[in-house]
Amino acid sequence: MKLITAIVKPFKLDDVKDALKAAGVQGITVSEVRGFGRQGGHTETYRGAEYKIDFVPKVRLEIVVDDQDVDGVVAAVKAAASTGKIGDGKIWVTGVDRIIRIRTGEEGHDAV
Amino acid sequence: MKLITAIVKPFKLDDVKDALKAAGVQGITVSEVRGFGRQGGHSETYRGAEYKIDFVPKVRLELVVDDSSVDAVIAAIKASANTGKIGDGKIWVASVDRLVRIRTGEEGPDAI
Amino acid sequence: MESGNIAWVLISAALVLFMTPGLAFFYGGMDRNRNVLNMLMMNFYCVLIIPILWVAVGYSLSQTPFDNDFIGGFDSFFLKDITVAGDGMSLAIVAFLGMFAAITPALISGAVADRMKFSAWAIFVPVWSLLVYVPVFKWVYGGWLADRGSIDFAGGTAIHVNAGIAALAAVMVLGKRKSAPTPPHSMPLVMIGTGILWFGWFGFNAGSALAANGAAAQAFMNTFLAAAAAGLAWILIEWLRDGHPTNLGAASGIVAGLVAITPAAGYVSGPSPIFIGLIAGVICCYAVRLKHKFGYDDALDVVGVHFVGGLVGSLLIGFFANPSFFDGAFMEGIFYGGSAKLLLEQAIANGAAIVWSFVLTYGIMVALKKTIGVRVSEESEAGGLDLAEHGETAYHGAQ
């Protein structure tokens, strides 16, 4: 099993969610985060004083999937989150040793 | 060392925290997240127009533990977060290569 | 006695000014979190530009000389000949009416939310005020529509129907938003905005008596009752139809009731405001769904609440007007022994305002679209108008 983590632009969340649903994903965890990357931030001016806002709002998605589903899910996120502009985000995949569904206690493949 | 990540129902957070304290856990990181899973969302009606709220509020717990403590911690979360209803959440375990305590520079199990 | 009247008109003017930030919060809370500051700014801009425009030319063109049928003249440009004689009542009235001029274009902002270029809005507001608001105001107050016998106590036709139909014309030129509508980002903001609007509306309606007298007291009472009845009607329908009485339903009903009682406030009495509120609450609760049927993107329901509510209230005067109660020189409604003549005149007055406002607003929007453009870029729309148009964000961190 793998944990897929993706950082995407907030307004793309609905598209990504729909793409993941269509790809058969059963569960996603989403959190609102801020990112600092090549996109850079922006400046806001209040009463003539400039504030550099380095961190840009982003959404983080976490999805645990079976090994054989990794490519499909990554492709779905990639296609749905892409705008072609700097700041579209990143996807990374890490290994998961164990997974448990709290309600039933099921482990492994059954708990995905 | 392992990173244990758990997604639980928000109102269960206090129970889980107490159970983890009782199990000897020294530190937890908690964040407010939203989840999309089998529990499904709900709809809200504003001026007669229905909006489907797919994402349900959840709490994410992250804790790094010694390999020997993994089973006990999972058991504690499983027992305290369980309501028997759909949407109780998931726990997953991933390997951690390195761990550093920022203040002292301690590494490995000493930094837990 | 005169000083009492002036005191009430001045206080009412301040109450009406407070309605614009109230409206801004009402709309801003309903909007999405990345566009809330743009919504507030569209409203606050109206109280920056309109007071100056009003004093320069607006008041004169919409009021003096009072007997002109279609448009006023140049006699009072820059308050020429307005003095403080008679304890300053004429000056107090200029200020009071200026507040109405300011909030009227602000009403339209709710329809164009989430996609209109602020530069286009900045030009639209004064141009619309001069070409649409000023003449219609003149027709209704002292002009040909008033001479025919139609009545509008505090601005049902001149303000709500006028701005409501303009909102429809504006969104027809502007087009739909790129992304699907979202639920309100802050219902508490909507509710505080509603409270401010209701509070300010006592000045709007009871102040329109232009005196501290019985008509003012009855208009105050009507404002109290119609809003309550309409809010109640709206949440009851929701409860039965959708399963829950919602905060937005209560807020929308209150505003619909306030809009509907506005034209009638000084002409109806007894239980009539309750009936007017109930009828407006029910009709507007269904009218806000028309946009889904007809496919126009009136983001925050300016048409469904202000146009429909204003029209309903104005036409109901034809049934509920009670001149003997006020010892007033206006026609009786059908329920008070009158013929259908008043109802017909109300229909003609609203018809004239609707045609003028729709055609001119459509023309102004097309002219803006062909010159400076009316829509923000797709990128700005996706990333939020707060940052793109104003360089500010309402909530730092997560959006």
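Every value quoted in this text rests on a predicted model; they were computed, and no experiment measured them. A note on names: the letters A, B, ... follow the listed sequences, proteins ahead of strands, and every chain is numbered from 1. Side chains included, hydrogens not; waters and symmetry mates left out as well; all remaining heavy atoms used.
Proximity to chain B (any heavy atom under 4.5 Å) is shown, for A:Thr94, by neither the backbone nor the side chain. With a threshold of 4.5 angstrom between heavy atoms, A:Leu13 approaches chain B through side-chain atoms but not through N, CA, C or O. With a 4.5 angstrom heavy-atom cutoff, B:Lys90 touches chain A via backbone and side-chain atoms both. Of the atoms belonging to A:Glu106, not a single heavy atom falls under 4.5 Å from chain B. For A:Val59, no part lies under 4.5 angstrom from a heavy atom of chain B. A:Leu61 does not touch chain B: none of its heavy atoms, backbone or side chain, sits under 4.5 Å away. When heavy atoms are compared at a cutoff of 4.5 Å, B:Ile4 does not approach chain A at all. Contacts of A:Val96 with chain B are made by both backbone and side-chain atoms, with heavy-atom separations under 4.5 Å.
A donor-acceptor contact shorter than 3.5 Å links the side chain of B:Lys58 to the backbone of B:Gly87. Remark: side-chain polar atoms of A:Ser82 are not paired, donor with acceptor, to backbone N or O of A:Lys78 under 3.5 angstrom.
The neighbour count for B:Lys52 NZ, taken as heavy atoms of other residues, nucleotides or ligands under 6.0 Å away, is above 12.
B:Ser95 and B:Lys2 form a side-chain donor-acceptor contact under 3.5 Å, judged by distance and modelled atom types alone.
Of all heavy-atom pairs spanning A:Asp97 and B:Ala94, the tightest one is OD2-C, 3.7 Å.
Ion pairing of B:Asp71 with A:Arg98 is present here, as a side-chain N (NZ or NE/NH1/NH2) and a carboxylate O approach within less than 4.0 Å.
Ranked by heavy-atom pairs under 4.5 Å with chain B, the first of A:Asp14, A:Leu3, A:Ile28 is A:Ile28. Ranked by heavy-atom pairs under 4.5 Å with chain B, the first of A:Val25, A:Ile99, A:Ile100 is A:Ile100.
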